[in-house]
> 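Could you have a look at this structure, given as structure tokens, before my questions?
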Amino acid sequence: MKFTIITHVEHIKNEEKYFGYAPYVREMNIWVKYIDKLTLVAPLSSQKKAAEIDDYYKVQDISFKRIPSFNFINLSNTLISLFKLPLVFWKIFWAMKSADHIHLRCPGNAGLIGCFVQVLFPKKTKTAKYAGNWDPLSSQPWTYKLQKWILSNTLLTKNMQVLVYGDWENQSKNIRPFFTATYSESEKENIEKDDFADGIKFVFVGSLVTGKNPMYAIKLVERLLKNEYNATLDLYGEGAERSALEKYIQLNKIENHISLKGNRDKETLKRAYKESHFVILPSKSEGWPKAVAEGMFWGCIPISTNVSCVPFMLDYGKRGILLEMNLEKDIEQIEDMIVNKNTFFYKSQQALTWSQNYTTDVFEREITKLLIK
């Protein structure tokens, strides 16, 4: 099978291997187990060395079709992008023409162009993974809404299954609720968290950007410290907000309790989840929040915003805390959980039991149903 991926994820070529953001590449490595040839249509970085959060495609026969990065964030970028679009359309068209199976990664700018071009191939087998928030009522950029509209329109989009996070009402017949996974069946453990005698441990895993709102996570733990709780927070990730976060931590003299750990590999994050009581993600928008699902797998109680399919993941608060983004109210929820230890241990087990249903083994079985007819 000739399998073609259209993605906005920037790649790095190193020693004849193609690297990309590890969670995405690990997922795609499950797909490519069942193909003969992989064609990648994606941007390629001039960087020569992969980062710690990158991984490579474990398939021998790869044809890489480089496209330029582009976006429509502002007027100047839109004008520049218009000059790049003919080349992007051209490369995506010919990659799709030679494919047996077309796979779009959305939402993203490459995925947006792929949505248009796939209309020209109604008979080819296609899948799309929409990794963002599919909630029809959510506020999103116009490019995201356009991708959702094309993918849902069965007059334009034929022979395609669209994988989305969450089960939403009044969807077209090609929309399929799906999930993602990080850990295998063999990694399952029945974790029992310790009590808070040695401190209350929080972890944040994600990019240090305004959309993920790491500052709110810091302020939650800072308030607990002011309320005389022995709490710590480790933040894993990098991003544009790092400098501002460092300054805030230093200014408020909370360095002994709150640490920026940077990007770390899968095993380091696993240890962090195992040792933590809570995983915090006050994000403004999510698809399937990987950090929440990963933390729950190891018994962390999730503290997350009420976006996308998060309420479903947390069973509307029965196995976690849904943030109201009001510091006083949210601290009250967290303190209630800390004081009522039986509730904490119960919800920890509920979180673990739920998340351990979603393993890479289950994911792979579902993927084979999409690829092998």
> More than 12 non-hydrogen atoms from neighbouring residues, nucleotides or ligands closer than 6.0 Å to CG on D194, yes or no?
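Counting neighbours around CG of D194, more than 12 heavy atoms of other residues, nucleotides or ligands fall under 6.0 Å, so yes.
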> Checking D336 now: which residues fulfil side-chain contact (heavy atoms from CB on, under 4.5 Å) with it, not counting sequence neighbours?
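Residues passing side-chain contact (heavy atoms from CB on, under 4.5 Å) with D336: E332, N340.
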> Is the F178 to Y358 ring centre distance short of 6.0 Å?
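Not close enough - the centres of the two rings lie 6.0 Å or further apart.
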> Indicate yes or no: does K58 engage D55 in a salt bridge with an N to O separation below 4.0 Å.
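A salt bridge is present here (some side-chain N lies under 4.0 Å from a carboxylate O).
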> Going only through I, L, V, M, F, W and Y residues with side-chain contacts under 4.5 Å, is there a path from V292 to V203?
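Result: no, two separate clusters.
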> Does any pair with a residue in residues 227-263 pass ring pair (Phe, Tyr, Trp, His ring centres under 6.0 Å), and if so which ones, sequence neighbours excluded?
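Pairs touching residues 227-263 that pass the test: none.
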> In chain order, what residues pass the side chain to side chain donor-acceptor pair (under 3.5 Å) check against S46, with sequence neighbours excluded?
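For S46 there are no side chain to side chain donor-acceptor pair (under 3.5 Å) partners, ignoring immediate neighbours.
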> Treating T305 as the side-chain partner and S283 as the backbone partner, does any N or O pair qualify as donor plus acceptor under 3.5 Å?
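A pair under 3.5 Å: yes.
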> According to the interplanar angle, ranging from 0 to 90°, do the rings of Y130 and Y144 count as parallel (below 30°), tilted (30 to 60°) or perpendicular (above 60°)?
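Y130 and Y144: perpendicular rings.
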> Does a salt bridge link R271 with E267, judged by any charged N lying under 4.0 Å from a carboxylate O?
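Salt bridge: no.
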> Please list, one pair per line, the donor and acceptor atoms closer than 3.5 Å that link side chains of residues 97-106 to other protein atoms, with sequence neighbours excluded.
from: S98; atom 1: OG; to: W94; atom 2: O; distance (Å): 3.4
from: S98; atom 1: OG; to: A95; atom 2: O; distance (Å): 3.2
from: D100; atom 1: OD2; to: K2; atom 2: N; distance (Å): 2.7
from: H101; atom 1: NE2; to: T127; atom 2: OG1; distance (Å): 2.9
from: H103; atom 1: ND1; to: T127; atom 2: OG1; distance (Å): 2.7
from: H103; atom 1: NE2; to: R105; atom 2: NH1; distance (Å): 3.1
from: R105; atom 1: NH1; to: E27; atom 2: OE2; distance (Å): 3.0
from: R105; atom 1: NH2; to: E27; atom 2: OE2; distance (Å): 3.4

> Kindly list each side-chain donor-acceptor pair under 3.5 angstrom involving residues 79-89, sequence neighbours excluded, with atom names and distances?
from: S81; atom 1: OG; to: N71; atom 2: N; distance (Å): 3.2
from: S81; atom 1: OG; to: N71; atom 2: O; distance (Å): 2.7
from: S81; atom 1: OG; to: N77; atom 2: O; distance (Å): 2.8
from: K84; atom 1: NZ; to: S69; atom 2: O; distance (Å): 2.8

> We want to know whether Q118 and K126 form a side-chain donor-acceptor pair, criterion being a heavy-atom distance below 3.5 angstrom.
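The criterion, which ignores hydrogens and geometry beyond distance, is satisfied for K126 and Q118.
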> So, F363 versus F179, ring centres under 6.0 angstrom or not?
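Centroid separation for F363 and F179: below 6.0 Å.
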> Among T39, I92, L44, which residue meets the side-chain contact (heavy atoms from CB on, under 4.5 Å) test with K65?
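Of the listed options, the one satisfying the test is T39.
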> Tell me, which pairs form a ring pair (Phe, Tyr, Trp, His ring centres under 6.0 Å) where one or both residues lie in residues 182-219, sequence neighbours left out?
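Pairs touching residues 182-219 that pass the test: Y183-F297, Y183-W298, F196-H277, F196-F344, F202-F278.
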> Are the side chain of S152 and the backbone N or O of K148 linked by a donor-acceptor pair below 3.5 Å?
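Side chain of S152 to backbone of K148: a pair is present.
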> Check the surroundings of atom CZ in F64: do more than 12 heavy atoms from other residues, nucleotides or ligands lie under 6.0 Å from it?
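More than 12 heavy atoms, drawn from other residues, nucleotides or ligands, come within 6.0 Å of this atom.
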> So if I apply the salt bridge (charged side-chain N to carboxylate O under 4.0 Å, His left out) rule between K270 and each of E294, E187, E189, E275, which one comes out positive?
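Going through E294, E187, E189, E275 one by one, the salt bridge (charged side-chain N to carboxylate O under 4.0 Å, His left out) with K270 is satisfied by E187 alone.
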